[in-house]
Amino acid sequence: MSVGVLGTGHYVPPKVVTNKDLEQIVDTSDEWIRSRTGIEERRIADDDTDTSDMSFFAAQNALDEANVKPEDIDLILVATVTPDTPFPSVSCMLQDRLGARKAAAMDISAACSGFMYGMVTAKQFIDTGVYKNVLVIGVEKLSKITDWSDRNTCVLFGDGAGAAVLGEVAEGKGILSFELGADGSGGKELYQDENDHLQMNGREVFKFAVRQMPESSVNVIEKIGYNEADVDYLIPHQANIRIMEAARERLGISKDKMADSVKRYGNNSSASIPIALSEAVKDGNIKDNDLIVLVGFGGGLTWGAIALKWGK
Ligand code: ACO
């Protein structure tokens, strides 16, 4: 049994907040943000649009592309650290709104690695033959846990949702290998504080990320007997262009073979990889039989990587 992606979708809110806009609210500059992070602008959801709403729009897009009906979904997995409420889960809200009557539903909390954890979990249920179609979402409304007076963090994040429908694909395609990891001793480097604000030790997270992303990317390729030169497209977690470049350079692939949406959306945590994947598909940057590496890292600390042969 080979498990792969039947369709992808994404949604980003229409409101654009530029670096210049942020210059008005904290002591920062467009030049500082661009040179340290690669971010030029980000999308921020309005008060009436919560995490479940963005999930719904992205899910509809992915189901359409996959040509799968809501009633044929067996399981909904929503990766998020910014749910509407701790419970009911976003996945249950989505199950109801989509009319996915037979689907089981649960949320996954693995911060920016959440979509990796979701895809790998989906694969297990499909591999065992228990479920046929699994809807995996990565979604965040980070603006609601952002401290808008803290220039160290508020310039980095944005809101959005990405989705994929996973199911059986042709032999040799789909998820070929994966790696998931966690190091809870690093939890203090990236967390939500008692005021519900995101706190981060940027330098420590940076060091962890530039080590982990290249290492995990190489691990998933070597597990299947391929090498770096075989990679057709790299989709790293869109946190910071300097971290992404470290992974790209380690793999020795050219700039045009790496997803780069961080400049338009900032860091969308668990939504960043599925948004970038969905855009790459829609923009024609991924072709049938391409070898794609998806790789993420985030709070927990957590990390995850997947080697995926594109196509059904
Ligand atoms: N504008 C202007 N100056 C700033 C800003 C800002 N927005 N933010 C920080 N500074 C200042 C700092 O105060 C510091 O000043 P000081 O030297 O007087 O103290 C100076 O800039 C340099 O700070 P550094 O921390 O050295 O900057 P660095 O080059 O490390 O970049 C950054 C900071 C962008 C946060 C970087 O460390 C980074 O990207 N870290 C990883 C972050 C990340 O990936 N987070 C996502 C994790 S995913 C998840 O789970 C949510």
Side-chain angles (χ1 to χ4, degrees), residues 17-42 51 79-83 108-118 138-160 180-184 186-193 196-214 216 235-247 260-263 265-276 294-305:
V17 174
T18 64
N19 294 344
K20 289 267 174 225
D21 295 331
L22 292 176
E23 287 178 1
Q24 310 304 311
I25 61 169
V26 285
D27 180 14
T28 191
S29 67
D30 177 46
E31 199 283 321
W32 192 96
I33 302 170
R34 273 176 204 257
S35 61
R36 299 295 176 111
T37 71
I39 300 166
E40 295 173 10
E41 57 187 46
R42 69 285 296 141
T51 304
T80 187
V81 292
T82 51
I108 293 177
S109 175
C112 309
S113 318
F115 190 73
M116 300 290 88
Y117 273 74
V139 55
E140 303 291 355
K141 189 176 181 182
L142 289 163
S143 58
K144 67 184 174 185
I145 63 163
T146 299
D147 178 352
W148 290 103
S149 65
D150 177 10
R151 69 175 182 174
N152 290 294
T153 53
C154 76
V155 301
L156 302 175
F157 301 104
D159 302 332
L180 296 178
D183 175 8
K188 59 187 181 303
E189 312 300 355
L190 190 51
Y191 61 97
Q192 192 171 338
D193 70 14
D196 286 342
H197 284 147
L198 186 153
Q199 297 290 349
M200 181 178 72
N201 182 346
R203 247 174 239 183
E204 284 308 311
V205 176
F206 191 91
K207 279 195 278 183
F208 158 68
V210 291
R211 189 184 67 243
Q212 199 59 53
M213 288 234 290
S216 296
I235 305 188
H237 170 44
Q238 307 282 306
N240 180 316
I241 191 69
R242 292 186 291 152
I243 300 171
M244 293 156 55
E245 283 291 316
D260 175 13
S261 51
V262 71
K263 61 166 150 332
Y265 302 144
N267 177 349
N268 304 124
S269 189
S270 62
S272 90
I273 293 174
I275 290 174
L294 311 170
V295 58
F297 68 92
L301 298 170
T302 56
W303 61 91

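For ligands, and for the atoms within them, numbers begin at 1 and follow the listed sequence. Note that the structure is a prediction, hence the values are computed from the model and not measured. The analysis underlying the following values was restricted to heavy atoms, covering all of them including side chains, and did not include hydrogens, waters or symmetry mates.
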Enumerated ligand 1 atoms positioned under 4.0 Å from heavy atoms of [X]:
| X | answer |
| --- | --- |
| T37 | 34 (C) |
| A111 | 50 (O) |
| V155 | 7 (N) |
| A239 | 44 (O) |
| H237 | 48 (S) |
| F157 | 51 (C) |

For [atom], the protein heavy atom that lies nearest, with its residue and separation:
| atom | value |
| --- | --- |
| atom 47 (C) of ligand 1 | L190 CD2, 3.5 Å |
| atom 6 (C) of ligand 1 | T28 OG1, 3.3 Å |
| atom 17 (O) of ligand 1 | R203 NH2, 4.8 Å |

**Prompt:** Does R151 come within less than 4.0 Å of D27, counting only side-chain N to carboxylate O?
**Reply:** yes

**Prompt:** Are any of the side-chain nitrogens in E204 or K207 under 4.0 Å away from the carboxylate oxygens of its partner?
**Reply:** yes

Drop me the distance from [X]'s [atom1] to [Y]'s [atom2], to the nearest 0.5 angstrom.
| X | Y | atom1 | atom2 | answer |
| --- | --- | --- | --- | --- |
| L22 | N19 | CG | CG | 6.0 Å |
| Y117 | C112 | OH | SG | 12.5 Å |
| W148 | I25 | CH2 | CD1 | 6.0 Å |
| M244 | R242 | CE | CZ | 12.5 Å |

Using heavy-atom distances, let me know which of [options] sits nearest [atom].
| atom | options | value |
| --- | --- | --- |
| atom 20 (C) of ligand 1 | F208, W32, F297, Y191 | W32 |
| atom 28 (P) of ligand 1 | R36, K207, R151 | R36 |
| atom 37 (O) of ligand 1 | S29, G202, S113 | G202 |
| atom 12 (C) of ligand 1 | N152, D30, N19 | N152 |
| atom 49 (C) of ligand 1 | G298, S269, C112 | C112 |
| atom 38 (C) of ligand 1 | N240, I145, N267 | N240 |

Any protein heavy atom lying closer than 4.0 Å to [atom]?
| atom | result |
| --- | --- |
| atom 14 (C) of ligand 1 | no |
| atom 31 (O) of ligand 1 | yes |
| atom 45 (N) of ligand 1 | yes |

**Request:** Could you tell me whether V26 approaches ligand 1 through its side chain, its backbone, both or neither, with non-hydrogen atoms closer than 4.0 Å?
**Result:** neither

Are any of the side-chain heavy atoms of [X] and [Y] separated by less than 4.5 Å?
| X | Y | value |
| --- | --- | --- |
| M116 | L180 | yes |
| M213 | I243 | yes |
| E189 | N201 | yes |

**Any N/O pair R242/ligand 1 closer than 3.5 Å** = yes

**Any N or O of G299 closer than 3.5 Å to N or O of ligand 1** = yes

**Item:** Modelled atom types, side-chain donor and acceptor of T80 and E140, under 3.5 Å
**Value:** yes

**Message:** Is it true that S143 and D159 share a donor-acceptor pair across their side chains at a distance under 3.5 Å?
**Reply:** yes

**Request:** Give a yes or no on whether the backbone of L142 and the side-chain of T146 come within a donor-acceptor separation of less than 3.5 Å.
**Result:** yes

**Request:** Look only at the side chain of Q238 and the backbone of S261, and say whether a donor-acceptor pair between them is shorter than 3.5 Å.
**Result:** yes

